[in-house]
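Down below is the structure, laid out as structure tokens.
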Amino acid sequence: MPELPEVEIVKQSLDKKIRFKKIKRIIVRNRNLRSKIPKNFEIFLKNKNIKKISRFSKYIILNFYDDSFCIIHLGMSGTIHLVKNYKKKKFTNLSFYQSPILPSKHNHIEIQFQNFSIIYNDPRRFGFFELIKNKKKLSKRFSHLGPEPFSKLFNLNYVQHYLKSKKKYIKSFLLDQKFVSGIGNIYASEILFLCKINPQKKAQNLNQDECKKIIYFSKLVLKKAIRLGGSSIRDFKNVSGKNGLFQNEFKVYQREHLKCLKYDCQGKIKKKIISKRSTFFCNKCQN
DNA sequence: AAGAGGCCCTGATAGC
DNA sequence: TGCTATCAGGGCCTCT
């Protein structure tokens with residue numbers, strides 16, 4: 001589920017809840033996530049004091065006072081839930097993201113604090129946890145990733161230069177974390193719709209104005225999504241008010257066959273598979 | 001270097 | 001009802 005805005009929402013609620021807290025105990029129920037949970041995982045984290053929670057791209061970063069880190073990636077289906085520890089474990093409605101009803105089958109990792117725990121649930125196990133020893137190794141870990149859309153590094157010069165001789169479709173590059181990091185499949189379609197650029201336009205054929213639009217609307221869409229609490233699709237019945245609202249703002253995503261929402265456009269939304277992912281666009285105004 | 005394709009995994013849904 | 005096929009918001013790896 002998680003693209004940059006959703007991860008940012010999780011990060012914010014985590015920061016509110018576990019900043020300055022001390023990890024009491026770690027329980028790993030399934031070590032086989034995307035990458036194997038290392039043997040020293042529990043020992044490494046036990047008694048660590050959390051300085052703050054930060055985020056880069058789609059990665060959540062637990063910052064500890066001893067300058068070590070734990071990074072969490074939610075993959076496609078990872079969610080983090082808050083659980084009260086005492087009595088019969090009762091789930092609060094403070095679910096950080098998605099359903100307040102905690103699924104039990106795929107609760108792979110539990111991090112216990114004084115009075116509560118956070119639980120990592122991930123049916124598809126595409127997510128992962130990684131331990132990082134120091135700041136240097138942290139920046140090395142992210143060195144292969146391009147700038148976030150919000151970064152000053154994501155500017156006209158960079159974009160034009162990067163795409164100059166690229167033959168792949170522009171959609172592929174919005175998904176390419178080496179080019180720009182944090183955008184995923186939903187927001188890629190939404191951004192290109194606002195830009196009025198066909199997702200199948202070859203990157204090298206974008207003119208200066210189109211590059212400017214990509215930069216502008218990438219920032220705009222992600223910021224708006226964060227403001228609205230992210231997007232919750234495949235909604236469950238039990239969702240609390242904590243769910244995101246940006247799915248109501250989708251202009252093209254999952255709107256195949258429907259009329260284009262641009263005020264003066266008579267086009268229809270089409271769906272095509274581009275770089276192995278569903279891509280939605282208007283056949284008229286994204287020519 | 002750049003691009004295409006495969007793979008990791010479970011669950012929901014559609015079609016027969 | 002039960003089977004199979006397809007699809008899902010990500011990212012890494014290999015091969016050409």
Side-chain angles (χ1 to χ4, degrees), chain A residues 1-10 29-37 55-60 71-80 96-99 101 103-108 120-130 141-146 148 161-192 199-200 202-204 221-222 225-226 228-237 239 243-250 252-257 271-280:
Chain A
M1 19 207 81
E3 303 183 31
L4 188 152
E6 291 73 34
V7 177
E8 172 65 21
I9 297 303
V10 174
R29 299 195 176 85
N30 187 346
R31 310 191 89 83
N32 298 311
L33 302 188
R34 156 129 215 160
S35 51
K36 193 132 187 159
I37 297 290
R55 178 194 60 73
F56 181 73
S57 184
K58 302 172 190 171
Y59 298 81
I60 294 163
I71 61 180
I72 305 173
H73 196 292
L74 303 174
M76 294 270 257
S77 55
T79 49
I80 293 178
F96 293 124
Y97 186 67
Q98 261 196 352
S99 170
I101 302 300
S104 54
K105 197 173 168 189
H106 302 290
N107 294 342
H108 307 310
Y120 177 75
N121 181 282
D122 187 358
R124 290 176 77 178
R125 285 189 273 123
F126 282 0
F128 57 85
F129 283 58
E130 262 177 54
R141 177 64 181 76
F142 294 134
S143 62
H144 67 295
L145 296 175
E148 291 193 346
H161 218 259
Y162 195 100
L163 299 180
K164 182 169 69 183
S165 53
K166 299 290 195 290
K167 292 176 172 45
K168 277 195 302 180
Y169 301 143
I170 181 58
K171 161 82 189 311
S172 311
F173 284 100
L174 290 185
L175 289 184
D176 186 345
Q177 307 296 301
K178 286 195 285 293
F179 169 56
V180 57
S181 62
I183 297 172
N185 200 41
I186 292 179
Y187 296 111
S189 282
E190 295 298 317
I191 290 165
L192 287 172
Q200 294 194 88
K202 286 191 179 172
Q204 60 180 0
V221 168
L222 296 193
I226 291 171
L228 292 179
S231 307
S232 311
I233 64 174
R234 287 162 183 275
D235 257 354
F236 301 108
K237 281 169 191 166
V239 287
N243 263 2
L245 296 170
F246 193 80
Q247 65 279 9
N248 304 324
E249 306 287 318
F250 290 163
V252 287
Y253 189 77
Q254 287 186 334
R255 295 198 65 252
E256 192 186 10
H257 306 312
K271 175 178 167 181
K272 254 193 184 151
I273 305 294
I274 299 178
S275 42
K276 297 243 165 194
R277 292 301 190 54
S278 319
T279 306
F280 299 85

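Basis for what follows: all heavy atoms, side chains included, without hydrogens, waters or symmetry-related copies. Labels below follow one simple rule: chain letters A, B, ... track the order of the sequence lines, proteins then strands, and each chain is numbered from 1.
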Does the plane of the ring in His73(A) sit parallel, tilted or perpendicular to the ring in Phe128(A)? Use 30° and 60° as the thresholds. parallel
Under the 3.5 angstrom rule, does the side chain of [X] hit a backbone N or O of [Y] as a donor-acceptor pair?
| X | Y | value |
| --- | --- | --- |
| Arg31(A) | Lys36(A) | no |
| Ser181(A) | Gly146(A) | yes |
| Lys58(A) | Ile183(A) | yes |
| Arg125(A) | Asn32(A) | yes |
| Ser57(A) | Gly182(A) | yes |

Looking for any heavy atom pair under 4.0 Å, which part of the strands does Tyr59(A) touch: base, sugar-phosphate only, or nothing? sugar-phosphate
At under 4.0 Å between heavy atoms, what does Arg34(A) touch on the DNA or RNA strands: base, sugar-phosphate, or nothing? base
Rounded to the nearest Å, what distance is computed from the [atom1] atom of residue [X] to the [atom2] atom of nucleotide [N]?
| X | N | atom1 | atom2 | result |
| --- | --- | --- | --- | --- |
| Lys178(A) | dC12(C) | NZ | P | 8 Å |
| Lys276(A) | dG11(C) | NZ | C1' | 14 Å |
| Phe280(A) | dG9(C) | CZ | C1' | 11 Å |
| Gln177(A) | dG10(C) | CD | P | 8 Å |
| Asn30(A) | dC8(B) | CG | C1' | 14 Å |
| Phe126(A) | dC13(C) | CZ | P | 15 Å |
| Asn185(A) | dG9(C) | CG | P | 5 Å |
| His108(A) | dT10(B) | NE2 | P | 9 Å |

Closest nucleotide of DNA chain C for Leu145(A) versus for Tyr253(A): which of these residues is on the 5' side? Tyr253(A)
Does atom OH of Tyr169(A) have more than 12 heavy-atom neighbours, drawn from other residues, nucleotides or ligands, at distances under 6.0 Å? no
At less than 4.0 Å, is any side-chain N or O atom of [X] found next to OP1 or OP2 of [N]? Yes or no.
| X | N | result |
| --- | --- | --- |
| Arg277(A) | dG10(C) | yes |
| His144(A) | dG11(C) | no |
| His73(A) | dG11(C) | yes |

Check: Glu3(A) and Leu74(A) side chains under 4.5 Å, non-hydrogen atoms: no
Just so I know, are the side chains of Ile170(A) and Leu163(A) near enough to count as touching, which here means a heavy-atom distance under 4.5 Å? yes
Quick one: the side chain of Arg124(A) and the base of dC9(B), do they pair up donor-acceptor inside 3.5 Å? yes
Give me, pair by pair, the N or O atoms of the protein and of nucleotides 1-3 of chain B that are less than 3.5 Å apart, along with how far apart they are.
from, atom 1, to, atom 2, distance (Å)
dA2(B), OP1, Lys166(A), NZ, 3.2
dG3(B), OP1, Lys167(A), N, 2.6
dG3(B), OP1, Lys168(A), N, 3.4

Close aromatic pair by centroid cut-off 6.0 Å: Phe246(A) and Tyr187(A): yes
DNA chain C: stems of at least 3 consecutive Watson-Crick or G-U pairs, cut-off 3.5 Å? B:2-8 with C:10-16, B:10-16 with C:2-8
Taking atom C1' in both dG9(C) and dG3(B), what distance in whole Å separates the two? 24 Å
